[in-house]
2 protein chains.
Amino acid sequence: MNSRNESPSRNDRPIGLFDSGLGGLTVVKAVRAAMPNENLVFLGDTARVPYGTRSSDTVIRYALACAERLMDYDVKFVVVACNTVSAAALPALRRALPVPVLGVIEAGARSGWAASTRGRVGVIATQSTVASGAYQRALTALDARAHVAVNPAPLLVPLVEEGWLDGPVPRLAVERYLQPLIDQGIDSLVLGCTHYPLLRSVIEGVLAERAAQRVAVVDGAAATSDELRLHLEDSGLARRPEAQGALRILVTDLPTAFANAAARFLEAPLEGVPVEQIDITVGRHLQQPELVVAPA
Amino acid sequence: MNSRNESPSRNDRPIGLFDSGLGGLTVVKAVRAAMPNENLVFLGDTARVPYGTRSSDTVIRYALACAERLMDYDVKFVVVACNTVSAAALPALRRALPVPVLGVIEAGARSGWAASTRGRVGVIATQSTVASGAYQRALTALDARAHVAVNPAPLLVPLVEEGWLDGPVPRLAVERYLQPLIDQGIDSLVLGCTHYPLLRSVIEGVLAERAAQRVAVVDGAAATSDELRLHLEDSGLARRPEAQGALRILVTDLPTAFANAAARFLEAPLEGVPVEQIDITVGRHLQQPELVVAPA
């Protein structure tokens with residue numbers, strides 16, 4: 001081990017990931033599966049979720065506060081596990097932080113492009129992400145001939161947060177958001193928000209019924225995890241492979257049914273994962289960090 | 001005039017109203033209609049909306065920040081134009097503020113009770129308001145025999161914010177939220193969130209189709225305005241009736257389509273109403289308050 005002269009203590013430092021809420025746990029899930037040796041600290045700004053309906057100035061301000069707080073945990077790398085923040089705040093975060101910063105949009109665009117057979121890629125995302133034009137830019141950067149069809153789907157975040165993952169209401173909402181993309185003949189669809197993978201079966205059902213050809217549904221979580229692994233290896237920051245990684249969750253609010261919601265995104269029970277509530281508006285820990293789930 | 005020895009300058013001070021977002025403009029509308037002589041300052045915490053899914057600790061913290069900022073405008077009275085804040089934070093606000101504070105829940109409960117013929121009152125509200133038990137307490141305080149049926153309806157806020165005010169999605173969501181109340185034989189329904197009046201026609205349609213008897217639909221805006229007028233008169237704080245009142249709007253974020261959303265809640269165009277963006281997380285005005293709509 002240590003063949004690349006890595007400093008073990010330096011590489012034991014955690015990877016920091018953050019999101020406006022808990023949707024980013026879908027990225028945590030992918031990273032844990034691919035790199036079970038890495039320590040992870042995830043911060044969900046649950047006191048101010050959602051970001052996707054806010055102005056880009058506000059998203060940048062909130063993102064900087066989240067990332068600054070992650071630096072308190074001595075993170076070696078920051079993953080922006082949120083499309084809205086990746087679209088609005090990546091340059092500001094890269095200027096402000098002393099560690100590398102990776103977003104989810106380029107990975108999502110690459111997955112969408114790879115899954116497309118005829119170069120017609122659809123994207124659903126929050127209003128803020130769509131307005132930023134980030135997916136359009138990322139996809140046409142991959143290939144200038146890409147035909148990109150984008151539609152905001154703002155109601156899908158509250159549907160997922162309410163736990164309405166099947167039945168007529170999500171189905172009708174998904175139909176309404178996807179029809180304009182189907183009409184443009186897309187053959188792959190990027191889920192451009194970390195909440196949307198929980199509606200994947202409704203989305204696939206609507207596409208199967210309404211689209212004239214098969215539409216591949218992809219999200220950026222796995223591709224982001226692949227890209228993170230390459231970055232860590234290239235920069236000599238990967239942790240030794242036989243290590244046992246730990247996950248720690250920080251949230252800014254603890255709403256009712258938090259544990260259920262977190263487990264839904266993580267697709268794993270929360271047992272053994274320490275969860276702490278922190279206050280990032282005042283820039284310090286709460287006097288008494290509340291330990292919700294005790295470490296195993 | 002001035003028959004009650006009112007100090008004109010003291011009484012010219014504005015009434016401060018605040019809400020987590022723009023829903024409280026439905027209360028502003030009622031107050032403007034009843035007291036066109038009063039000056040009003042409305043603060044919408046649009047950078048952190050919604051409050052209804054957050055813990056009560058976070059709601060109290062956010063509410064204190066909003067109310068403190070209103071004090072900068074030398075308000076003579078504070079109206080909490082938000083059910084979630086009224087349910088969670090009224091005692092904390094009354095302890096913290098040097099002026100009287102009025103919430104919307106008691107007025108809503110009184111309206112619901114007055115509209116009921118058989119004492120079976122239904123309430124739909126946010127998760128946070130329902131969990132607080134505030135409507136149950138307010139209604140049973142009016143009459144211990146009141147039968148109160150309460151159901152959280154969290155998806156209605158994002159539906160209104162998305163502007164989906166009719167069609168199958170809001171109708172199905174409303175059906176799902178109202179059916180348990182209809183099954184309990186309610187004969188009046190309180191819209192326990194300032195967003196819900198915009199879905200009134202969908203709600204009335206579902207009740208007309210599904211309930212065995214007529215169900216009266218009420219909200220707390222008009223009753224809150226009545227109560228405010230009595231308070232002002234009783235305390236000698238009412239402004240001289242021939243004065244011309246002005247409205248000023250403060251928001252913490254300016255999302256896309258802000259003016260459309262505000263006009264929808266106010267049921268009046270925004271022209272002539274000054275709108276400023278302020279930052280309440282750092283406790284001071286933005287360096288350059290942004291004037292969105294110029295005063296007439």
Side-chain angles (χ1 to χ4, degrees), chain A residues 20-22 45-62 65 126-128 130-132 152-164 167-177 251-258 261 277 279-283 286 290 292, chain B residues 20-22 45-59 61-62 65 126-128 130-132 152-164 167-177 251-258 261 277 279-283 286 288 290 292:
Chain A
S20 55
L22 298 180
D45 191 6
T46 49
R48 302 192 290 199
V49 70
Y51 287 4
T53 50
R54 313 210 189 280
S55 71
S56 61
D57 283 357
T58 294
V59 172
I60 291 170
R61 194 154 45 93
Y62 287 179
T126 66
Q127 286 160 316
S128 173
V130 170
S132 76
L155 213 66
L156 301 191
V157 168
L159 275 168
V160 168
E161 299 215 324
E162 166 77 323
W164 287 16
V169 174
R171 190 177 168 85
L172 284 166
V174 165
E175 281 175 3
R176 186 154 162 182
Y177 290 134
V251 287
T252 52
D253 193 15
L254 274 167
T256 351
F258 164 80
Q277 188 179 352
D279 186 346
I280 56 177
T281 59
V282 292
L286 287 177
E290 188 172 348
V292 182
Chain B
S20 53
L22 299 179
D45 191 6
T46 49
R48 302 192 290 199
V49 70
Y51 287 5
T53 50
R54 314 209 189 283
S55 70
S56 60
D57 283 356
T58 293
V59 172
R61 195 155 45 93
Y62 287 177
T126 66
Q127 286 159 316
S128 173
V130 170
S132 76
L155 213 66
L156 300 191
V157 168
L159 275 167
V160 168
E161 300 216 323
E162 168 75 324
W164 288 15
V169 174
R171 192 179 166 83
L172 284 165
V174 164
E175 282 176 1
R176 185 154 162 184
Y177 290 134
V251 288
T252 52
D253 193 15
L254 274 168
T256 352
F258 162 79
Q277 188 179 351
D279 187 345
I280 56 177
T281 58
V282 292
L286 287 177
Q288 185 70 47
E290 189 172 346
V292 181

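The model shown is predicted, which means the values in this text are computed figures rather than measured ones. Below, chains carry the letters A, B, ... as their sequence lines are ordered, and counting in each starts from 1.
The nearest pair of heavy atoms linking B:Ala47 to A:Tyr62 is O-OH, 2.8 Å.
Of the listed residues A:Ala131, A:Pro158, A:Gly167, A:Ala65, the one with more heavy-atom pairs under 4.5 angstrom with chain B than any other is A:Pro158.
For the pair A:Pro50/B:Pro50, a side-chain contact is recorded, criterion being any heavy-atom separation below 4.5 Å from C-beta on.
Taking OG1 of A:Thr58 as the start and CG of B:Asp279 as the end, the distance is 8.0 Å to the nearest 0.5 Å. Between A:Asp253 atom CG and B:Asp57 atom CG the span is 8.0 Å, to the nearest 0.5 Å. Atom CG of A:Leu172 sits about 6.0 Å away from atom CG of B:Leu172, to the nearest 0.5 Å.
Contacts between B:Gln127 and chain A at a heavy-atom distance below 4.5 Å involve the side chain alone, from C-beta outward. Neither the backbone nor the side chain of B:Arg171 comes within contact range of chain A, judged by heavy atoms closer than 4.5 Å. Interface remark: A:Val49 contributes backbone and side-chain atoms alike to the contact with chain B (heavy atom separation under 4.5 Å). Neither the backbone nor the side chain of B:Ser56 has a heavy atom closer than 4.5 Å to any heavy atom of chain A. Looking at B:Thr252, the atoms closer than 4.5 Å to chain A (heavy atoms on both sides) all sit in the backbone: N, CA, C or O.
Put simply, the side chain of A:Arg48 never gets that close to the backbone of B:Arg48: no donor and acceptor are under 3.5 Å apart. Counting only distance, with no hydrogens or angles, the side chain of B:Arg54 and the backbone of A:Leu254 share no donor-acceptor pair below 3.5 Å.
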